[in-house]
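Hydrogens, waters and symmetry mates are skipped; everything else that's a heavy atom, side chains included, is used. Residue numbers begin at 1 in each chain, while the letters A, B, ... track the order of the sequences.
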Amino acid sequence: MDEQPRLMHSHTGVGMAGHPGLPQHMQEGTGGTDGDGRKQDIGDILQQIMTITDQSLDEAQARKHALNCHRMKPALFNVLCEIKEKTVLSIRGAQEEEPPDPQLMRLDNMLLAEGVSGPEKGGGSAAAAAAAAASGGAGADNSAEHSDYRAKLSQIRQIYHTELEKYEQACNEFTTHVMNLLREQSRTRPISPKEIERMVSIIHRKFSAIQMQLKQSTCEAVMILRSRFLDARRKRRNFNKQATEILNEYFYSHLSNPYPSEEAKEELAKKCAITVAQVSNWFGNKRIRYKKNIGKFQEEANMYAARTAVNAANASSHGSQANSPSTPNSAGETGSPWLCSIRQPEPRAKSP
DNA sequence: CGGAATGATTTTGA
DNA sequence: TCAAAATCATTCCG
């Protein structure tokens, strides 16, 4: 580590006049005049370098200062800046002022919609959970699920904000660092303020690309969370026996047209203690499954037909009800319009 | 445990 | 835009 300078010093100390060592290495046989001239040049350069090395720091600083204070310096600086502007920077000019990235906007919108970014709603997971619990007074289980979801969401939210802040800070630090560096260098190199500005914007672009990655992965996490908690398929419970009975009864007593009206659905929903949407789901599933395999449901159909017949008989004997099942069973009969357009179940994926 | 049953969601088609 | 059809995710049951 310490060897080099000392060695040089010793060289110079001995006398740099004739740069020793070089001639031996550069013997190209003929020793033509051209070769000699080059040797001479290189020798001169080397000597200059050695001389600079030999100068004291103060001396060098003084020179630098002198150069900086030269009255032509600002003019030269401006000219160089101008040249630079016209050549290097104009090439990049085209890609400036790009419009805001649509994908970034999409991500931003989604994060805002999910409550990850944007204003804090509850102030931490506890408050969010409490709010969820308070709001869902009626559905206890539902709110419990929700508070769990909220807790996880606010966890994601916290991570997101921490990371974002970290990036922002890093970006700022880096930017000021680079700016200082460039400003420092602008004393010796032709760097215009405009160029510094441009450099800053480049840095910001890079960092916003990183931020986009963060946003992207946050979005993914939220999506996974949603599918994990909010997908009703995951917490499916079978309807109780009674509800199924009521629905089946309606279905088989309206077999020729098993499409309950909105009012009928509402009534069924009330009787079964389920939602109208669930009634719709049930009928949708029932229709398609019945149609697909009428044979399998034959027994069930007969059973409910018999039961409704008995009910009707009882009702009519009591004289209070005229609500006869419009189409008693006769399942598989050809007259049912809704059974007509049966889409053949595809032969199981058998491609040649 | 494996597969049938079943409620919910997604895709498709008129 | 709605219902059919397909598919998914869970529960039930032998």
Side-chain angles (χ1 to χ4, degrees), chain A residues 106 109-110 113-115 132 136 138-153 219-308 326-327 329-352:
Chain A
R106 217 158 41 82
N109 284 340
M110 192 198 140
E114 295 297 335
D141 56 337
N142 190 20
S143 89
E145 293 269 349
H146 246 71
S147 75
D148 210 357
Y149 169 75
R150 292 285 190 89
K152 288 269 195 289
L153 189 67
C219 273
E220 270 167 32
V222 171
M223 281 309 204
I224 290 165
L225 193 69
R226 280 184 79 88
S227 74
R228 196 90 185 76
F229 281 83
L230 266 40
D231 188 347
R233 279 181 292 205
R234 289 187 179 273
K235 43 179 193 254
R236 179 179 75 78
R237 294 291 108 88
N238 287 1
F239 299 151
N240 60 41
K241 206 86 173 178
Q242 201 182 344
T244 315
E245 298 251 313
I246 292 166
L247 292 167
N248 271 318
E249 212 166 292
Y250 188 99
F251 180 80
Y252 286 112
S253 63
H254 298 74
L255 201 51
S256 65
N257 186 35
Y259 296 87
S261 66
E262 205 57 35
E263 295 83 59
K265 279 186 200 170
E266 273 168 33
E267 191 168 335
L268 283 168
K270 200 187 280 182
K271 274 204 271 186
C272 301
I274 59 179
T275 68
V276 173
Q278 285 178 304
V279 174
S280 297
N281 284 339
W282 190 91
F283 274 88
N285 283 322
K286 190 71 184 182
R287 279 193 301 263
I288 191 65
R289 282 162 186 166
Y290 176 83
K291 194 157 71 169
K292 254 185 180 166
N293 194 349
I294 291 175
K296 196 175 72 183
F297 288 93
Q298 189 64 64
E299 201 181 330
E300 194 179 63
N302 289 337
M303 194 184 88
Y304 279 100
R307 191 180 303 185
T308 47
S326 53
T327 39
N329 188 19
S330 62
E333 120 198 58
T334 52
S336 309
W338 71 280
L339 285 170
C340 282
S341 64
I342 191 161
R343 223 183 278 170
Q344 280 296 0
E346 293 293 317
R348 265 280 118 84
K350 248 331 163 51
S351 57

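- Of the candidates C:dA5, C:dT11, C:dT7, C:dT11 carries the atom nearest the A:R236 side chain, counting heavy atoms from C-beta on.
- Proximity of A:Y259 to the phosphate of C:dA4: a side-chain N or O atom is located under 4.0 Å from OP1 or OP2.
- Remark: C1' of B:dT6 and CZ of A:F283 are 15 Å apart, rounded to the nearest angstrom.
- Residue-to-nucleotide proximity on DNA chain C shows that, of A:R234 and A:G284, the 5′-proximal contact is made by A:G284.
- What separates CZ of A:R287 from P of C:dA5 is a distance of 10 Å, to the nearest Å.
- The side chain of A:N281 has B:dA8 as its nearest neighbour among B:dA8, B:dG7, C:dA6.
- Within the structure, a side-chain polar atom (N or O) of A:R237 is placed less than 4.0 Å from OP1 or OP2 of C:dT11.
- For A:Y290 and B:dT6, the OH to C1' distance is 18 Å, given to the nearest whole Å.
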Run the ring pair (Phe, Tyr, Trp, His ring centres under 6.0 Å) test on A:F283 and A:Y250 for me, step by step, so that the C-alpha distance in whole Å, both residues' side-chain angles and the decisive distance to 0.1 Å come before the verdict. CA-CA 10 Å; A:F283 274 88; A:Y250 188 99; 5.6 Å; yes

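- Within 4.0 Å (heavy atoms only), A:N285 reaches at least one base atom of the nucleic acid.
- At whole-Å resolution of the value, CG in A:N240 and P in B:dG7 are 10 Å apart.
- In this structure, A:K292 reaches the C:dA6 phosphate: one of its side-chain N or O atoms is under 4.0 Å from OP1 or OP2.
- Taking atom CD on A:E262 and atom C1' on C:dC2, their separation rounds to 12 Å, with Å as the unit.
- Considering only side-chain atoms of A:K296, the nucleotide from C:dA4, B:dA5, C:dT7 that sits closest is B:dA5.
- Counting to the nearest Å, the P atom of C:dC8 and the CD1 atom of A:I288 are 17 Å from each other.
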Verdict with supporting geometry, A:F239 and A:Q278, side chain to side chain contact (heavy atoms under 4.5 Å, CB included): CA-CA 10 Å; A:F239 299 151; A:Q278 285 178 304; 3.6 Å; yes

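- In this structure, A:K291 reaches the C:dA5 phosphate: one of its side-chain N or O atoms is under 4.0 Å from OP1 or OP2.
- Regarding A:W282, its CH2 atom lies at a distance of 13 Å from the C1' atom of B:dA5, rounded to whole Å.
- Listed for the A:R307 side chain is no donor-acceptor partner under 3.5 Å among the backbone atoms of A:E249.
- Rounded to an integer number of Å, the gap from A:F251 CZ to C:dA3 P is 15 Å.
- The shortest distance between side-chain heavy atoms of A:E300 and A:N248 falls below 4.5 Å.
- Open room surrounds NZ on A:K152; 12 or fewer heavy atoms of other groups in view lie less than 6.0 Å from it.
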